[in-house]
Amino acid sequence: MLNISKKSTSCFVNFSRLQQITDIQAEIYQKNLEIELLSLEKDAADVVHPSFLAQKCHSLQSMNNHLEAVLKEKRSLRQRLLKPICQGNLPIEAVYHRYIVHLLELAVTFIERLEDHLETIRNIPYLDADLKKMSTALAKMDILVTETEELAENILKWREQQKEVSSHIPKILAEKNSLHKHGVIVPPLPLTSKVNVQSINAK
C-alpha cells in the first residue's frame, strides 16, 4: 500500500530535468571544443602534419639546389642577360601552342594600334576644343555648300542666257549682212558688253 501510494514530488522531477539539461550542455560544450580543435588542426595541417612538412622540405631543397646552380653560373648568366634577346626560342608545351598563336595575334594587333591609342589618350584634354573647331568647320561647310548651290544656279542661268544669245547671233549677223548689201549702215550691237556684264554678275 505504501509503495502504491508513493508519488514523486514535483521539485525532485524538476531537479532531475535540470541535471539532464546541465549534462547535455556540458556535452555540447565538449563537442564544440573538439570541433574547434579539429578546425585548428586542419588550418595548421600544412605546418604540423608530417606529409606536408616533407613536401615543404622537398620544395625548399629543390629551391636551394637551384639557387646554388645559379650562383655557380652567375658570370655566364650575367653575360647572357647583357646580350639582347634575338631569335630566341622559348620551350612551350604542345598543349599551349594554340593559345600562344592566339596570344601572338592579339599582341601584334595591340602593337599595331598602340600608337593610335596613345595619340587618342594624348588628345583627350583637347577634345572640347577639337569639337568646337569641328562644329565651326561644319557651319562653314554648310555656308560654302549654300553658296556653291547658288553659284551653280547662277552658272546654269548664265549658260541658258549664253545659249539664247548664241542662237540670236546668226540671225543678227545675217540681217546685218543683208543691210550692208543694201547700203544701210547699222551701229554695232553691245552684245559683248552685255554678255560680260551678265557673266560678271553671275560670278
Side-chain angles (χ1 to χ4, degrees), residues 17-155 203:
R17 288 179 180 175
L18 183 62
Q19 186 66 33
Q20 290 177 357
I21 292 170
T22 305
D23 294 338
I24 291 170
Q25 288 179 347
E27 188 177 356
I28 291 170
Y29 181 72
Q30 183 67 27
K31 295 297 181 183
N32 288 329
L33 285 177
E34 290 178 0
I35 290 169
E36 288 181 0
L37 289 173
L38 289 173
S39 63
L40 287 173
E41 184 179 355
K42 181 181 177 181
D43 294 335
D46 58 342
V47 179
V48 179
H49 203 276
S51 62
F52 289 105
L53 288 175
Q55 291 179 2
K56 285 186 174 292
C57 288
H58 180 70
S59 300
L60 289 173
Q61 188 65 34
S62 62
M63 187 181 294
N64 189 20
N65 295 332
H66 177 69
L67 290 175
E68 287 180 356
V70 168
L71 290 175
K72 288 178 182 178
E73 302 292 333
K74 183 172 66 174
R75 181 176 295 178
S76 62
L77 288 173
R78 185 179 293 175
Q79 291 176 356
R80 284 176 59 188
L81 290 173
L82 290 174
K83 292 180 181 179
I85 298 174
C86 182
Q87 295 179 353
N89 297 322
L90 296 176
I92 298 171
E93 296 181 8
V95 182
Y96 304 109
H97 282 184
R98 57 177 181 174
Y99 302 109
I100 294 298
V101 170
H102 183 61
L103 181 63
L104 288 175
E105 290 178 356
L106 293 176
V108 170
T109 306
F110 176 75
I111 292 169
E112 288 177 352
R113 298 179 181 176
L114 180 60
E115 191 63 32
D116 296 334
H117 294 325
L118 291 175
E119 189 67 24
T120 304
I121 292 169
R122 293 191 198 100
N123 291 330
I124 285 174
Y126 308 103
L127 282 177
D128 294 333
D130 292 339
L131 289 173
K132 289 179 181 177
K133 290 179 181 178
M134 286 179 66
S135 59
T136 306
L138 287 173
K140 290 181 179 179
M141 284 181 66
D142 292 336
I143 294 169
L144 289 173
V145 168
T146 306
E147 292 178 354
T148 306
E149 290 176 353
E150 293 177 356
L151 182 60
E153 291 177 358
N154 292 329
I155 289 170
K203 290 178 182 179

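Residue indices begin at 1 and follow the sequence shown.
For H117, the NE2 atom is densely surrounded, since the number of other residues' heavy atoms within 6.0 Å is greater than 12. Counted within 6.0 Å of NE2 on H102, heavy atoms from surrounding residues, nucleotides or ligands total 12 or fewer; the atom is thus considered open. By the neighbour-count criterion of 12 heavy atoms within 6.0 Å, atom CD of E34 is densely surrounded, having more than that number from other residues, nucleotides or ligands. Surrounding CZ of R98 are at most 12 heavy atoms belonging to other residues, nucleotides or ligands under 6.0 Å away. Heavy atoms of other residues, nucleotides or ligands lying less than 6.0 angstrom from CD of E27 number 12 at most.
Between L144 and T148, the shortest heavy-atom distance links the atoms O-OG1, 2.6 Å. The heavy-atom pair separating S62 from S59 by the smallest distance is OG-O, 2.7 Å.
No side-chain donor-acceptor contact under 3.5 Å links N64 to the backbone of L60.
Annotation: the span from K140 atom NZ to L138 atom CG amounts to 11.5 Å, rounded to 0.5 Å. Between M134 atom CE and D130 atom CG the span is 8.5 Å, to the nearest 0.5 Å. With rounding to the nearest 0.5 Å, the separation of CD1 in I111 from CZ in R113 is 13.0 Å. How far CD1 of I124 is from CD of E119: 11.0 Å, rounded to the nearest 0.5 Å. The OG1 atom of T22 sits 4.5 Å away from the CG atom of L18 when rounded to the nearest 0.5 Å. Separating the CG atom in L118 from the CG atom in N123 is a distance of 11.0 Å, to the nearest 0.5 Å.
At least one side-chain heavy atom of Q19 sits under 4.5 Å from a side-chain heavy atom of D23.
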Handout entry: Evaluation steps, side chain to side chain contact (heavy atoms under 4.5 Å, CB included), between R75 and R78
Key = CA-CA 5 Å; R75 181 176 295 178; R78 185 179 293 175; 5.8 Å; no

